[in-house]
Amino acid sequence: HWREATLLFNQFIYLNLKVDTMYAHVVNNNIASLKWHEKWAFKINDKVRYPDELYVNGMMQFEYYRTYEMYIDFLTRRI
């Protein structure tokens, strides 16, 4: 059910809301979340767009991003 929910969420974000790039901020020692984002084709953003989100509530975070094109490429290769 988790995979189906994730696919539906991504479809809604990219197709219904017309978002081209999705950003995520993940606590740098949250290994499970880091692996999940990498599994779903997110990449670490070397050109940080939201620098104020890199340190929140005393925790350092990485900024990840994934474009619609990256997502489609991921779907054709992995699913």
Working note: I13 + M22, criterion side chain to side chain contact (heavy atoms under 4.5 Å, CB included); need CA distance, chi angles, decisive distance, verdict.
CA-CA 8 Å; I13 294 294; M22 192 181 308; 3.5 Å; yes
Nearest 0.5 Å, please: how far is [atom2] in [Y] from [atom1] in [X]?
X	Y	atom1	atom2	result
W40	F9	CH2	CZ	11.5 Å
H37	I44	NE2	CD1	11.5 Å
R49	N45	CZ	CG	9.5 Å
N30	W36	CG	CH2	12.0 Å
K43	M70	NZ	CE	6.0 Å

Do [X] and [Y] share a hydrophobic cluster (ILVMFWY, side-chain heavy atoms under 4.5 Å, transitive)?
X	Y	answer
Y71	L8	no
M60	F62	no
M59	Y23	no

Using side-chain heavy atoms (C-beta onward) and a distance below 4.5 Å, is V19 in contact with Y68?
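A side-chain contact under 4.5 Å is absent here.
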Can you find a heavy atom in the side chain of E69 that is under 4.5 Å from one in the side chain of Y14?
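With C-beta onward as the side chain, the pair stays apart.
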Kindly determine whether Y55 and Q61 satisfy side chain to side chain contact (heavy atoms under 4.5 Å, CB included), including the steps that lead there.
CA-CA 6 Å; Y55 189 77; Q61 301 187 108; over 6 Å; no
Looking only at atom types and distance, does a side-chain atom of N10 sit under 3.5 Å from a main-chain N or O of T6, one as donor and one as acceptor?
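Checked: pair present.
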Non-hydrogen atoms of V26 and L34 that approach each other most closely
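That would be CG1-CD2, 3.5 Å.
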E38 versus Y64, side-chain donor and acceptor atoms under 3.5 Å:
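Distance-only check passes for Y64 and E38.
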Please determine whether side chain to side chain contact (heavy atoms under 4.5 Å, CB included) holds for the pair N29 and V27, giving the CA-CA distance in whole Å, both sets of side-chain angles, and the decisive distance to 0.1 Å.
CA-CA 6 Å; N29 63 356; V27 175; 3.0 Å; yes
Determine, stepwise, if the pair E63 / L54 fulfils side chain to side chain contact (heavy atoms under 4.5 Å, CB included).
CA-CA 7 Å; E63 181 175 270; L54 297 180; 4.0 Å; yes
Full working for ring-ring contact (aromatic ring centres under 6.0 Å, His included) between F42 and Y65
CA-CA 5 Å; F42 280 86; Y65 76 100; 8.4 Å; no
